[in-house]
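The next block holds one structure in the form of structure tokens; read it before the comments.
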Amino acid sequence: MENSQGFVQHITAKSENYSQWYIDVILRAELADYSPVRGCMVIRPYGFGIWENIKELLDRRFKATGHKNAYFPLFIPESFLAKEAEHVEGFAPEVAWVTRAGNEELAEPLVVRPTSETIIGHMYSKWISSWRDLPVLINQWANVVRWEKTTRLFLRTSEFLWQEGHTCHRTQEEAEEETLKMLDVYRSFLTEDLAIPVLAGKKTEREKFAGAITTYCVEALMTDGRALQAGTSHNLGQNFAKVFDISFLDKDNQLKYVWQTSWGVSTRLIGGIIMVHGDERGLALPPRIAPIQVIVVPIMPPSSEETVLNVARDVVERLEKICRVELDSRDEYSPGWKFNEWELKGVPIRLEIGPRDIKAGKVVLVRRDTGEKTDVPMENLEDAVIDMLNSVQEGLYARAKRFMDENTHVTNDYGKFKAIIEEERGLIFAPWCGSQECEVSVKAETGATIRCIPMNACSKPGKCIHCGDDSTDWVYFAKAY
RNA sequence: CGGGGCGUAGCGUAGUUUGGCUAGCGCGCCUGCUUUGGGAGCAGGAGGUCGGAGGUUCAAAUCCUCUCGCCCCGACCA
């Protein structure tokens with residue numbers, strides 16, 4: 001496939017077939033590949049590099065808010081999952097079972113964790129006995145398994161990587177505070193590090209986590225106009241504390257149940273990055289999480305090959321101190337080929353250096369988001385690279401924010417609502433009466449769901465988009481992944 | 001899980017309707033030479049049990065049955 005500019009030849013045009021474009025980008029940029037096991041994917045080194053950067057930056061934010069990492073088992077006794085009624089109902093259809101080891105049937109079947117509330121709850125009940133043991137602030141980086149009927153690379157796979165935070169608190173207020181704090185960690189992480197603007201809000205009863213009192217979320221808008229749930233933070237109340245008997249003696253000598261939270265983001269974020277920032281040329285990675293931030297492409301005609309390579313190596317050596325840089329000195333590919341390849345892979349900055357530059361004492365920087373080329377004197381190298389990395393990070397965010405703003409519609413006319421969902425998609429901010437009947441009907445009639453009730457509630461009175469009764473909230477609707 | 005489509009070399013495909021000898025082409029790959037500022041050129045070369053299993057037939061990529069996987073559109077979920 002060749003687009004009008006004649007650059008990218010190996011990926012489907014984004015404008016023609018978004019789904020195929022998405023898959024092509026992942027496979028061609030070598031982020032991931034299909035595995036021999038249905039619904040499972042292999043995350044290749046370049047894709048895993050993105051995940052490693054996500055982990056590092058998020059982990060730093062978790063540590064800064066007082067959390068510590070731990071690891072709980074992959075296998076959970078069947079009986080645990082069954083203890084919380086809503087929880088088991090929510091997850092039962094998609095759990096994988098281990099019923100046999102070698103030739104022996106297990107006395108109690110084990111489930112492969114779809115999430116770890118239950119086994120962590122069990123452990124917490126052993127560890128907590130006094131108000132002095134609280135709060136417990138633990139996170140785990142792990143894989144989980146949910147047997148999915150329809151899978152899509154990164155967005156929904158039967159096994160995926162994520163982090164799940166699980167905390168216990170002395171009071172309801174403290175748990176709510178933690179839930180919102182971690183939601184804000186996600187919000188700031190997505191906006192600052194992934195350059196993805198989000199809506200932060202609360203899920204409706206229907207959309208909330210199985211077993212939670214309240215689920216908060218960050219929702220992002222993909223460039224095809226569909227919303228993606230990018231992260232969730234749950235206030236679990238005392239639901240799990242009661243069934244796993246996580247209790248403590250409080251200051252007033254009363255035995256009380258703890259108040260819990262859990263929160264998570266997954267490798268799905270990588271799908272979000274692709275669909276928010278990617279373009280006709282392929283991936284475009286925010287510098288903060290790009291495995292390679294600067295790719296150095298030497299232009300080396302045989303006569304000056306040694307000279308150019310030596311200067312290029314010096315440049316790499318200088319840049320290694322301030323960013324993630326690599327040298328592409330492969331001789332078997334032409335410079336033009338490399339330009340396209342690294343653009344497809346979304347590297348934020350390309351640094352070109354050839355005989356002409358060396359003569360002039362400069363290098364050429366090309367930014368991925370705009371394609372703009374800049375000559376930079378050799379002595380300003382570090383400053384220019386740092387400035388440009390920041391500028392690309394901001395540029396990607398600004399572009400994504402503009403897209404989200406331009407694709408957020410406000411209406412209380414159901415006819416218009418249907419037309420928007422049908423024709424242009426995007427987010428629709430509309431009044432809602434609060435009833436599940438209307439929520440379900442809207443979904444059945446348009447395919448759109450309530451993505452969230454925004455945090456800073458809109459107090460403007462309105463009439464429900466569906467039934468016309470007085471609204472309780474203005475909410476965001478969208479078709480979602 | 002329902003409806004539709006597709007599996008032929010690493011990738012993209014022709015051939016399948018109407019069975020027939022050695023399965024053709026492009027890209028990529030290997031070797032050599034020339035090249036190098038937006039996917040370089042020439043020459044030579046390697047690579048296939050046609051997704052898998054069974055069946056029909058003198059003969060199967062092609063027909064039949066079953067099965068696995070992927071994609072698209074819906075229903076369900078991070």
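Residue numbering restarts at 1 for every chain, and letters A, B, ... go by the order of the sequence lines. Because only heavy atoms are used, hydrogens play no part in the values below, and waters and symmetry mates are left out as well, while side chains stay in.
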Starting at [atom1] of [X] and ending at [atom2] of [N], how long is that distance when rounded to a whole Å?
X: Leu153(A); N: G69(B); atom1: CG; atom2: P; value: 15 Å
X: Leu351(A); N: G38(B); atom1: CG; atom2: C1'; value: 16 Å
X: Lys338(A); N: A40(B); atom1: NZ; atom2: P; value: 11 Å
X: Asp24(A); N: C71(B); atom1: CG; atom2: C1'; value: 11 Å
X: Leu27(A); N: C70(B); atom1: CG; atom2: C1'; value: 11 Å
X: Asp328(A); N: G37(B); atom1: CG; atom2: P; value: 14 Å
X: Glu305(A); N: U34(B); atom1: CD; atom2: C1'; value: 14 Å
X: Asn340(A); N: U36(B); atom1: CG; atom2: P; value: 19 Å

Could you check whether [X] gets within reach of a base, just the sugar-phosphate, or nothing at all, counting any heavy atom under 4.0 Å?
X: Gly39(A); value: sugar-phosphate
X: Pro302(A); value: base
X: Asp357(A); value: base
X: Val364(A); value: base
X: Gln20(A); value: sugar-phosphate

Looking only at atom [atom1], what distance separates [N] and [M], rounded to whole Å?
N: A60(B); M: G26(B); atom1: C1'; answer: 27 Å
N: C33(B); M: A9(B); atom1: C1'; answer: 27 Å
N: A78(B); M: G2(B); atom1: C1'; answer: 24 Å
N: U57(B); M: G74(B); atom1: P; answer: 46 Å
N: G20(B); M: A61(B); atom1: P; answer: 9 Å
N: U62(B); M: G55(B); atom1: C1'; answer: 15 Å
N: G45(B); M: C50(B); atom1: C1'; answer: 24 Å
N: G51(B); M: G10(B); atom1: P; answer: 13 Å

For Arg367(A), what residues pass the salt bridge (charged side-chain N to carboxylate O under 4.0 Å, His left out) criterion, not counting sequence neighbours? Asp369(A)
Among residues at least two apart in sequence or on other chains, which ones pass salt bridge (charged side-chain N to carboxylate O under 4.0 Å, His left out) with Glu78(A)? none
Are the aromatic ring centres of [X] and [Y] under 6.0 angstrom apart?
X: Phe244(A); Y: Tyr124(A); result: no
X: Phe62(A); Y: Trp263(A); result: yes
X: His87(A); Y: Phe209(A); result: yes

Considering only residues two or more places apart or on different chains, which pairs with a residue in residues 35-45 of chain A satisfy salt bridge (charged side-chain N to carboxylate O under 4.0 Å, His left out)? Glu30(A)-Arg44(A)
Side-chain donor-acceptor contact under 3.5 Å, [X] with [Y]:
X: Arg113(A); Y: Asn143(A); value: yes
X: His67(A); Y: Gln163(A); value: no
X: Thr191(A); Y: Lys401(A); value: no

With a cut-off of 3.5 Å and sequence neighbours excluded, list every side-chain donor-acceptor pair involving residues 302-316 of chain A.
| unit_1 | atom_1 | unit_2 | atom_2 | d |
| --- | --- | --- | --- | --- |
| Asn310(A) | ND2 | Glu306(A) | O | 3.3 |

When you measure from the side chain of Lys373(A), which nucleotide among G38(B), G37(B), C70(B) comes out closest? G38(B)
Check whether the side chain of Arg38(A) and the base of G69(B) form a donor-acceptor pair under 3.5 Å. no
Polar side-chain contact Arg350(A)-G37(B) base: donor and acceptor under 3.5 Å: no
Taking Glu207(A) first and then Lys443(A), would you say they form a salt bridge - that is, a charged N and a carboxylate O separated by under 4.0 Å? no
Charged N to carboxylate O under 4.0 angstrom, Lys181(A) versus Asp184(A)? no
Show me, range against range, the stems involving RNA chain B, built from at least 3 consecutive Watson-Crick or G-U pairs below 3.5 Å. B:1-7 with B:68-74, B:10-13 with B:24-27, B:29-34 with B:40-45, B:51-55 with B:63-67
With a 4.0 Å heavy-atom cut-off, tell me which residues in residues 51-60 of chain A come close to RNA chain B, sorted by residue number. none
Who passes side-chain hydrogen bond (donor to acceptor under 3.5 Å, both in side chains) against Arg60(A), sequence neighbours left out? Glu56(A)
For a quick test of reading the model, state the closest non-hydrogen atom pair linking Trp162(A) to Val265(A) and the distance between them. CB-O, 3.1 Å
Which heavy atom of Trp342(A) sits nearest a heavy atom of Asp328(A), and at what distance? NE1-OD2, 2.8 Å
Phosphate-side-chain proximity, Tyr333(A) and C29(B), N/O vs OP1/OP2 below 4.0 Å: yes
Counting neighbours of NZ on Lys14(A) that are heavy atoms of other residues, nucleotides or ligands and sit closer than 6.0 Å, is the number greater than 12? yes
State which residue, out of Glu352(A), Met388(A), Glu372(A), fulfils the side-chain contact (heavy atoms from CB on, under 4.5 Å) condition with Val366(A). Glu352(A)
How does protein reach along nucleotides 73-78 of chain B, written 5' to 3' as B (base within reach of a heavy atom under 4.0 Å), S (only sugar-phosphate), or - (no contact)? -BBSBB
Do nucleotides 8-14 of chain B as a string where each nucleotide becomes B, S or -: B if the base has a protein heavy atom under 4.0 Å, S if just the sugar-phosphate does, - if no protein is that close. -------
Short heteroatom pairs, N/O only, protein and nucleotides 42-47 of chain B, under 3.5 Å:
none

Can you give each donor-acceptor pair under 3.5 Å made by side-chain atoms of residues 147-158 of chain A, sequence neighbours left out, with the distance rounded to 0.1 Å?
| unit_1 | atom_1 | unit_2 | atom_2 | d |
| --- | --- | --- | --- | --- |
| Thr157(A) | OG1 | Glu159(A) | O | 2.8 |

Ranking Val366(A) and Thr151(A) by the position along RNA chain B of their nearest nucleotide, the one closer to 5' is Val366(A)
Those residues at least two apart in sequence (or on a different chain) that pass ring-ring contact (aromatic ring centres under 6.0 Å, His included) with Trp141(A) are Trp51(A)
